[in-house]
There are 2 protein chains.
Amino acid sequence: MKQLLSNIKINVNDQVFNKDPESSELGKKIIENSIILIDELGFDSFTFKKLGDHIGSNESSIYRYFDNKHKLLIYLTSWYWAWIEYLLVFTTNGIANPLEKLKKGLEVVAQENVLDFGFSHINEVLLHKIIISESSKSYLTKEVDAENKDGYFMIYKRLVKRISEMILEVDPSYEFPQSLASTAVESVLHQQFLKQHFLSITNCNDQVSPLQFVTDLVVNNLNPIK
Amino acid sequence: MKQLLSNIKINVNDQVFNKDPESSELGKKIIENSIILIDELGFDSFTFKKLGDHIGSNESSIYRYFDNKHKLLIYLTSWYWAWIEYLLVFTTNGIANPLEKLKKGLEVVAQENVLDFGFSHINEVLLHKIIISESSKSYLTKEVDAENKDGYFMIYKRLVKRISEMILEVDPSYEFPQSLASTAVESVLHQQFLKQHFLSITNCNDQVSPLQFVTDLVVNNLNPIK
DNA sequence: CCAAAGTAATAGTATTACTATCAATAATGA
DNA sequence: TCATTATTGATAGTAATACTATTACTTTGG
């Protein structure tokens, strides 16, 4: 698996960058270290100036790759969801039983202890942490409709649709497959956040995982055929 | 109801402000117009300078009420949840049947078309819009644990707990009442956002409301006693 | 080995997010 | 009613942010 994945290049909508960060050493350093710095400082305190200092490069060089930190965040979230989508398709491929397939799919989406698959420069563990606490900022903006039109959120939406299709395969009569899928994906992240910060409003802890809760939630809503 | 509510003062943790905005005309103008401006510009582009210009007051005067716009957002979200909590308790009070009570509770939390109850200076309709697209920014920060310790999110957590208690009353054997409650509250807002911006990953639209979906989601997970 | 592309260095601007000081005015209470 | 105090406004100033522009240096590919 690790072998396989390290040969894959994950493609992100090229409208989010000015210059493909995968195309140069500096670009890769920008991605690698932005993940480290955003995790460390939080997205709000993260700046291109600080990133430049951190990697010993000039601020202006970073602007040649990304117009602003918001687009960099879109890039990182897209990359994450593309990666999860890849794992989802790969992992569930060939599972005949729809319910098994859906459960396996949720498992991929809900993974808490992400493994670093050794993509040269991306630390998936830190990226996963960023997704939990920063990813919703990528769409909670005044520009969301314009950016959505430009396809910035395509990968995320495609992933949710895949889950909703799995739901429908289990129960074609279920009325809200898309809403259930989007809720499941959202909830998995939210419960991980609550587990870390607001323990009193979640049942997730060291014994109970967000995956258990969400699997139960989704499956109990469906009436499998037969 | 309107009569009743206009006599109530909603209390927000006084650590979030330096000077109670309810205690002066300027304070009320700050709250009233911050809601209008945040709705108009989005929280990210909103500044105290712009608010000052908008209300014909000096920037420095606003700083005397709130240290920064983040604390103002905490104030606004706390106010909103306190108001919803009040409506929740008021509306569900006296309903004997646990399932009816829970459904009614979800109805309050999931209300899409908020009514302006005529609190003199707060536009609940705009505030509700702000909650949908900005409220999660109040806790998705690096300071969340410190602020949580100081009680900044108490009202929100208390509301979620009330819902989780209603869930338990319907089905005492249900394993994840808090997680289900936090998911329901979160999902209701998220589905409203999706309905507005990412239609392809929700089933909510003019015919199907987030309330319908979430009620179905919650109720199907519970096995009522008897 | 030359041209083109990529990168670094420097400088500069407008805005943001404040803090500090002082003056003007309004409210209060002795 | 006069003095005190609280409240607000005006002005100024600082450090940081979020960029843009220009120029020069350094690779690398043909």
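Letters go in sequence order (proteins before strands), and every chain restarts at 1. Side chains are part of it too, since the values below use all heavy atoms of this structure and drop only hydrogens, waters and symmetry mates.
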Just to be sure I understand the rule, does Ser60(A) reach a base, reach only the sugar-phosphate, or reach nothing, if contact means heavy atoms closer than 4.0 Å? base

Is the shortest side-chain N/O distance from Lys19(B) to OP1 or OP2 of dT7(D) below 4.0 Å? yes

Can you check the Leu26(B) CG to dA10(D) P distance for me, whole Å? 12 Å

Could you check whether Phe66(A) gets within reach of a base, just the sugar-phosphate, or nothing at all, counting any heavy atom under 4.0 Å? nothing

Among dT8(D), dT17(D), dT7(C), the one nearest Thr47(A) by side-chain distance: dT17(D)

Kindly say if Ser24(B) contacts the phosphate of dT8(D), meaning a side-chain N or O under 4.0 Å from OP1 or OP2. yes

For Ile132(A), does its backbone N or O pair with a side-chain atom of Gln192(A) as donor and acceptor, under 3.5 Å? no

Starting at the 5' end of DNA chain D and moving along, which residue's nearest nucleotide shows up first, Asp67(A) or Glu59(B)? Glu59(B)

Test your reading of the model: is there a side-chain donor-acceptor pair from Thr183(A) to the backbone of Leu180(A), 3.5 Å cut-off? no

Asn18(A) atom CG is separated from dA5(C) atom C1', nearest whole Å, by 16 Å

Does the side chain of Ser61(B) get closer than 4.0 angstrom to OP1 or OP2 of dT7(D) through an N or O atom? no

Which nucleotide wins on minimum distance to the side chain of Lys69(B), given the candidates dG9(D), dT7(C), dA17(C)? dA17(C)

Remember a base hit wins even if backbone is also touched, and classify Lys50(B) as base, sugar-phosphate or nothing at under 4.0 Å, heavy atoms. sugar-phosphate

Figure out the CD/C1' separation between Glu25(B) and dT25(C), and round it to whole Å. 16 Å

Contact class for Tyr63(B) (heavy atom, under 4.0 Å): base, sugar-phosphate, or nothing? base

Whole-Å distance, Leu51(B) CG to dA17(C) P, equals 13 Å

Got a salt bridge between Lys137(B) and Asp44(B), using NZ or NE/NH1/NH2 to carboxylate O under 4.0 Å? yes

Give a yes or no on whether a salt bridge exists between Asp145(B) and Lys149(B), defined as a side-chain N under 4.0 angstrom from a carboxylate O. no

To the nearest Å, give me how far apart NZ (Lys28(B)) and C1' (dT7(D)) are. 15 Å

Residue met sooner reading DNA chain D from 5', once Asn58(A) and Phe46(A) are mapped to nucleotides: Phe46(A)

Taking Gln111(B)'s backbone N and O only, do any of them form a donor-acceptor pair with His128(B)'s side chain (distance below 3.5 Å, no angle check)? yes

Atom-to-atom span, CG of Asp44(A) to C1' of dA18(D) - whole angstrom: 15 Å

Separation of atom CZ in Arg64(B) from atom C1' in dC22(C), rounded to whole Å: 11 Å

